[in-house]
Number of protein chains: 2
Amino acid sequence: MKTLRVPEATVTRLSVYSRFLERLDRNGITTVSSGEIAEGVGVSPAQVRKDLAYFGEFGTRGVGYNVKDLMRYTKKILGLDQNWPLILVGAGNLGYALCTYKGFNSRGFQIVGVFDNDLTKIGKKIAELEVLPMEKMPEVIEKHGARIGIVAVPPRAAQEVVDYMVKNGLEAILNFAPVALNLPEGIEIRNVDLSVKLEILTFNLGFKSAQHL
Amino acid sequence: MKTLRVPEATVTRLSVYSRFLERLDRNGITTVSSGEIAEGVGVSPAQVRKDLAYFGEFGTRGVGYNVKDLMRYTKKILGLDQNWPLILVGAGNLGYALCTYKGFNSRGFQIVGVFDNDLTKIGKKIAELEVLPMEKMPEVIEKHGARIGIVAVPPRAAQEVVDYMVKNGLEAILNFAPVALNLPEGIEIRNVDLSVKLEILTFNLGFKSAQHL
DNA sequence: TAGATTGTTAATCGATTAACAATC
DNA sequence: TAGATTGTTAATCGATTAACAATC
């Protein structure tokens, strides 16, 4: 079996290309070159071609890529040719924002259950969904066939939440709590830390100032 | 002048180490080794030492690092020895969540102005702040000496927003809109795309399934 | 001194880029 | 055919890791 290891950065860029192609398609553009994609998302043309080359040959030499086709291919590669039901824990402000975030729905993600252990939140509605107590999670996972969970609780509660998610069969976790979580082998996790990139900015601003000295 | 280029990944990890050290400090732990930091945040011990080595010698051979000191050093390196006023554009659900996000305040970030061009939102209060029309931005930037702006508007509005931010003197942008933005030379930008990491998860889940075939 | 752990160098690994043959 | 652009290889670049002397 040919085990090609795809760099995570390639998958990240594929996601970005994919959304850029959707925009071109909405604008009625039918053909695009690696150079135009590169220009549109801020990478090099060679990078675009190399990233695509991990998965096949999608273009026509001398011509470029068919926008609609390449859009479909990239989405399929990312697993976005299907809908993904999501389980969300944490009905605070961040949870609320995620529930109503358009960027999820437009890519086939749908939050199908919102959970919290705060009695003052349980029973309230977020968008169309009633906030449920944690004990209801198994049944919601079962009903929708959910495989992915989102953690939007404070750091100190996060480990307990993912343990519960894993116990109930979720296979992948998107974690918004700024803390490293321990998970069993085979469970995928990615962290979105809202302030890390802000700290990269302050680092760079400080560095820039320092160079004037 | 010794121009050492610090990898962005190093700065990212520094931010993570820094928060881990804060937690150790809160728990009353006074000394820590590179191995313990590595364990706590999920990287290699050599990586921890190498990352720190870009900036100086902070440890004691045979002993490790003083938690409080290293915490202060890492925060200082990241520019977090000062407070950072932030300008936020977009008073939707995401904007609301960012305004109330504890993870910002605990690192010295403070949103000092929230702006929107939606007349139904202007005048409303988010936390302590009144949502202001865009025209008020120059005066708020001036008043607080803000240098960083956060974009939490829909993709199609984002370019116009950053243009306006840059015109009014902001030097760094944290962009939550899933679109590549064009900025003049010298302006720092970082994107936080809420769904990219979700798509890495779906990619990996698909890949895992494929390997069973 | 013996044990532990840093700081740093050199080796390894992997990702990006440049270049060009293939081909529309 | 001439011009354009892909797919792919080889070269370059940069980041991570292993290893160990320094030293507490």
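Every chain is numbered from 1 and lettered A, B, ... according to where its sequence line falls, protein lines coming before strand lines.
In this structure, the separation between CD on A/E39 and CG on B/N182 is 7.5 Å, given to the nearest 0.5 Å. Atom CG in B/D163 sits 7.5 Å away from atom CG in B/L183 (nearest 0.5 Å).
Phosphate proximity of D/dT17 to B/S44: present, with a side-chain N or O under 4.0 Å from OP1 or OP2. OP1 or OP2 of D/dG7 has at least one side-chain nitrogen or oxygen of A/Y65 nearer than 4.0 Å. The side chain of B/R49 places no N or O atom within less than 4.0 Å of a non-bridging phosphate oxygen (OP1 or OP2) of D/dT16. Residue A/R61 has no polar side-chain atom (N or O) positioned under 4.0 Å from OP1 or OP2 of C/dC20. Phosphate contact (OP1/OP2 of D/dT16, side-chain N/O of B/R13, threshold under 4.0 Å): present. Taking only side-chain nitrogens and oxygens, B/Q47 comes nearer than 4.0 Å to OP1 or OP2 of D/dT17.
Nearest-nucleotide positions on DNA chain C place A/V43 closer to the 5' end than the other of A/V43 and A/T60. Residue-to-nucleotide proximity on DNA chain C shows that, of B/V32 and B/K50, the 5′-proximal contact is made by B/V32.
Under the side-chain contact (heavy atoms from CB on, under 4.5 Å) test applied with B/L170, the options B/I141, B/I148, B/L86 reduce to a single match, B/I141. A ring-ring contact (aromatic ring centres under 6.0 Å, His included) with B/Y73 is found for exactly one of B/Y65, B/F55, B/F58, namely B/F58.
Regarding A/E57, its CD atom lies at a distance of 14 Å from the C1' atom of D/dT9, rounded to whole Å. The distance between atom CG of B/L70 and atom P of C/dT5, rounded to the nearest whole Å, is 16 Å. D/dT8 atom P lies 14 Å from atom CZ of A/F55, rounded to whole Å. The nearest whole Å value for the distance from the CG atom in A/D69 to the P atom in D/dT6 is 15 Å. Between the CG atom of B/D51 and the P atom of C/dT8 there is a distance of 14 Å, rounded to whole Å. For the pair B/Y73 OH and C/dT6 P, the interatomic distance rounds to 16 Å; values are reported in whole Å. Between the CZ atom of A/R5 and the P atom of D/dT16 there is a distance of 13 Å, given to the nearest Å. The nearest whole Å value for the distance from the CD atom in A/E8 to the C1' atom in D/dA15 is 16 Å.
Checked against D/dT8, D/dA18, C/dA15, the side chain of B/A46 finds its nearest nucleotide in D/dA18.
The existence of a salt bridge linking A/E188 and A/R147 is excluded, since no basic side-chain nitrogen approaches an acidic carboxylate oxygen closer than 4.0 Å.
With a 4.5 Å cut-off on side-chain heavy atoms, B/N168 and B/I87 do not count as touching. Side-chain contact check for B/I111 versus B/Y101: every heavy-atom pair is 4.5 Å or farther apart.
Judged purely by distance below 3.5 Å, without hydrogens or angles, the side chains of B/S34 and B/R49 pair a donor atom with an acceptor atom.
Within the nucleic acid shown, B/S34 comes within 4.0 Å of sugar-phosphate atoms alone, with no base atom in reach, counting heavy atoms only.
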Base-pair map of DNA chain D as dot-bracket, where | denotes pairing with a different strand and pairs are Watson-Crick or G-U under 3.5 Å: ..||||||||||||||||||||||

